[in-house]
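By convention in this document, chain letters (A, B, ...) are assigned in the order of the sequence lines, proteins followed by strands, and residues within each chain are numbered from 1.
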2 protein chains.
Amino acid sequence: MTTEQMPGRVVPTLEAVAARAGVSRATVSRVVNGSPKVTAEVVAAVERAIADLNYVPNRAARSLASRRTQVIALVLPESTAKVFADPFFASIVQGVALALADTEYTLNMVISSETNPDKTRRYLMGGNVDGALVVSHHSGDHSYAQLGASLPLVFGGRPVSESEHSSYYVDVDNVAGAQVATQHLIDRGRRDIALITGPQDMPAGLDRYTGWKQAMSQAGLDTSLVAYGDFSPASGSDAMRRLLADGRRIDGLFAANDQMAAGAYSAIHEAGLSIPGDIAVVGYDDDNFGLMSSPPLTTVHQPSIGLGEAMARVLVRLLAGEPVDRVTLLPTELVVRQSS
Amino acid sequence: MTTEQMPGRVVPTLEAVAARAGVSRATVSRVVNGSPKVTAEVVAAVERAIADLNYVPNRAARSLASRRTQVIALVLPESTAKVFADPFFASIVQGVALALADTEYTLNMVISSETNPDKTRRYLMGGNVDGALVVSHHSGDHSYAQLGASLPLVFGGRPVSESEHSSYYVDVDNVAGAQVATQHLIDRGRRDIALITGPQDMPAGLDRYTGWKQAMSQAGLDTSLVAYGDFSPASGSDAMRRLLADGRRIDGLFAANDQMAAGAYSAIHEAGLSIPGDIAVVGYDDDNFGLMSSPPLTTVHQPSIGLGEAMARVLVRLLAGEPVDRVTLLPTELVVRQSS
DNA sequence: ATGAAAGCGCTAACAC
DNA sequence: GTGTTAGCGCTTTCAT
């Protein structure tokens, strides 16, 4: 069956409200927008009329006249969408949505296709949104940085290129998180602590490497036990196997994310070693992988919902013309379980 | 520091394009909207002008004039947002976003606060969106059903109340999925197959119960080994403990989702029983819980991204006035691993 | 403090 | 096939 289109306007216009309240449209507009210079009585009358008529302002008209859209875009690269399975991204989206729910802004999710990135760029620049949040895993995705000149932009995750240091971004303090994780292993008496890190073109990979190295150096420990993965479980087992194959002594492992830690688990067990008996393991992300593994994984918890919220809030403040720090770093928290 | 507001319009108007192409605004509009009755040459000229000027249509103006918003809302109840951790929801969002990326529609994520549901209702009815997708876990959330009369609506998940049978919905075929899962256990030679199901005010809980019962009945098996959970891991262990405490023989278990199956694992192991040796287990959802558990969980895979895509497509077709089935059921697939 | 009036950029009859 | 002409519903000077 087919659907008939909706009948004319279901909702009354501002004009109807004005008529009912016995004032001009301009006044109704003022009341709706909370202008201070309207008599209390008039405000009351207008508000009653609004309630009686069940009036809802038309966004399109408002936007056209005011040249503001009240729309904030959340841009996710398609590749990110594919790894949407990563609960981290899901939480960011959730955080953004939650933070925006309390504002006048509407959340517009945009999946920017890799095949046609210009489409997204043009959409963003076409005056269709007041600002955008860009979340990405890979450095390349900061190709949007240029847009920052003409459209308020807030990035999730530190830009890789320092030339982008002029942009606003919110990030979890990866260096500190990795530092604390590694220090925890050191405090537990481990000395030969290996690192499985992520791609070095990704800030998360880089920064966690840095944190590990800082902690190790400060403790006067060797920083050469390093293997690289791509944040996937499979790459974690591979990396661990390579580490073990080297034949060097290892009694601790810091994996730059839980998925790789989970992968490392298999390799460690394969080798007939125990966790944490032979090798104490700490991961990063606090996702399900770590929760469900046995032994449960000690890991670094990231405020992922908080990250989304913070991004949204920074942008909203930016749009309001309020002063905002270009960099917002969110603290992490070590969650100690049985693997260390 | 504060941010200066953007300078005037960065993007040219349709009028500028018209001038440059030497035609009227109406013609440019026709070209932009793909009207068939424009000479090929004129189309070419206009398109060149558009490209030269880097013109992007203004959504607000277009929407105001056409009385269409080109916006589709994706409504998530706040409680759902909290269980956003559930990868299933994340995937639905992803599917919707992907499906909509190919259309002219824009995705507007709305988190409807439970404390003020009218805000969402008013927003939806205020002519701000062309249609809405409503995804919910709980039956009560179909409180939006009434809106279906005035706004094209597509639900994710079967409505609980049959009085809502007039609405459009897309769902995974839970009954069939549970049936197949249970039949699999039967085929493996299990006879005393318990069920841990979800709340019976949720279609997923209800339908999976139904599927299990159907399979059991058809095989002439007893259908009284039932415990209820709330889809959380904790409720799964509790339910399993209750089941085992009953003292009745159990050699198979169908859990209505993987999280509860994971919970059941602990209870089974606690009791000193083995999986699948003593009890073969099948879950439902195919999420990380099942993947990472040991032994890896046999489960029912749901096309969650597909569900989101299907919802979006149904709505788009609805909006286009094309005929659409009120009910769209998506097939599931049994993923056999080592737990059965 | 309030009203009148001029658009915002586009679409949709209606003419030609 | 193309141009003309009204608006869409709201905000925003500018008067008063």
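- The line from CG of Leu315(A) to CD1 of Ile72(A) is 4.0 Å long, rounded to the nearest 0.5 Å.
- Taking atom CD of residue Glu15(B) and atom C1' of nucleotide dG3(D), one finds them 13 Å apart after rounding to whole Å.
- Here Val32(A) lies out of heavy-atom contact (under 4.0 Å) with every strand.
- What separates CZ of Arg59(B) from C1' of dG9(D) is a distance of 18 Å, to the nearest Å.
- Of the residues in residues 44-51 of chain B, not one places a heavy atom less than 4.0 Å from an atom of DNA chain D.
- Taking CG from Asn58(A) and CG from Leu64(B), the interatomic distance works out to 6.0 Å, rounded to the nearest 0.5 Å.
- Rounded to whole Å, atom P of dG9(C) lies 14 Å from atom CG of Leu53(B).
- Within the 4.0 Å cut-off from OP1 or OP2 of dG9(D), not a single side-chain nitrogen or oxygen of Thr13(A) is found.
- In this structure Ser63(A) satisfies the side chain to side chain contact (heavy atoms under 4.5 Å, CB included) test together with Thr69(A), Ala60(B), sequence neighbours excluded.
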*Dump the intermediate steps for side-chain contact (heavy atoms from CB on, under 4.5 Å) on Val56(B) and Tyr123(A), then the final yes or no.*
CA-CA 7 Å; Val56(B) 182; Tyr123(A) 175 72; over 6 Å; no
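- Closest approach of Lys119(A) to Ala101(B), counting heavy atoms only: NZ-O, 2.8 Å.
- Residue Val28(A) is out of contact with every strand shown, counting any heavy-atom pair closer than 4.0 Å.
- Taking Arg59(B) as the reference, nothing meets the salt bridge (Lys or Arg N to Asp or Glu O under 4.0 Å) condition, with sequence neighbours excluded.
- Distance, Leu14(B) CG to dT4(D) P: 14 Å, rounded to whole Å.
- At distances below 3.5 Å, not a single donor-acceptor pair connects side-chain atoms of Asn128(B) with backbone N or O atoms of Leu124(B).
- Heavy-atom distances to DNA chain D give each of Val38(B) and Ala61(B) a nearest nucleotide, and the one nearer the 5′ end belongs to Val38(B).
- Between Asn58(B) atom CG and dC8(D) atom C1' the separation is 13 Å, expressed in whole Å.
- The side chain of Ser63(A) places no N or O atom within less than 4.0 Å of a non-bridging phosphate oxygen (OP1 or OP2) of dC8(C).
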I'd like a table of atom pairs between the protein and nucleotides 12-16 of chain D - only N or O on both sides, under 3.5 Å - with the distance next to each one.
residue : atom : partner  : partner atom : Å
dT12(D) : OP1  : Arg68(A) : NH2          : 3.2

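- One N or O on the side chain of Ser66(B) and one on the backbone of Arg62(B) form a donor-acceptor pair closer than 3.5 Å.
- Asp325(A) and Tyr169(A) share no side-chain donor-acceptor pair at under 3.5 Å.
- Between its two ends, the helix from dA1(C)-dT16(D) to dC16(C)-dG1(D) turns its axis by 30°, counting five pairs per end and rounding to 10 degrees.
- One can place CG of Leu64(B) at 17 Å from P of dG7(C), the figure rounded to the nearest angstrom.
- Residue Arg62(A) places at least one side-chain N or O closer than 4.0 Å to OP1 or OP2 of dT11(D).
- Nucleic acid contact for Val42(A): sugar-phosphate only, since backbone atoms but no base atoms lie under 4.0 Å from a heavy atom of the residue.
- Of the possible polar contacts, none joining the Thr39(A) side chain to the Val42(A) backbone as a donor-acceptor pair under 3.5 Å is found.
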_Please determine whether side-chain contact (heavy atoms from CB on, under 4.5 Å) holds for the pair Tyr105(A) and Leu319(A), giving the CA-CA distance in whole Å, both sets of side-chain angles, and the decisive distance to 0.1 Å._
CA-CA 11 Å; Tyr105(A) 289 100; Leu319(A) 291 171; 3.5 Å; yes
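- With sequence neighbours left out, Asn54(A) forms a side chain to side chain donor-acceptor pair (under 3.5 Å) with Arg122(B).
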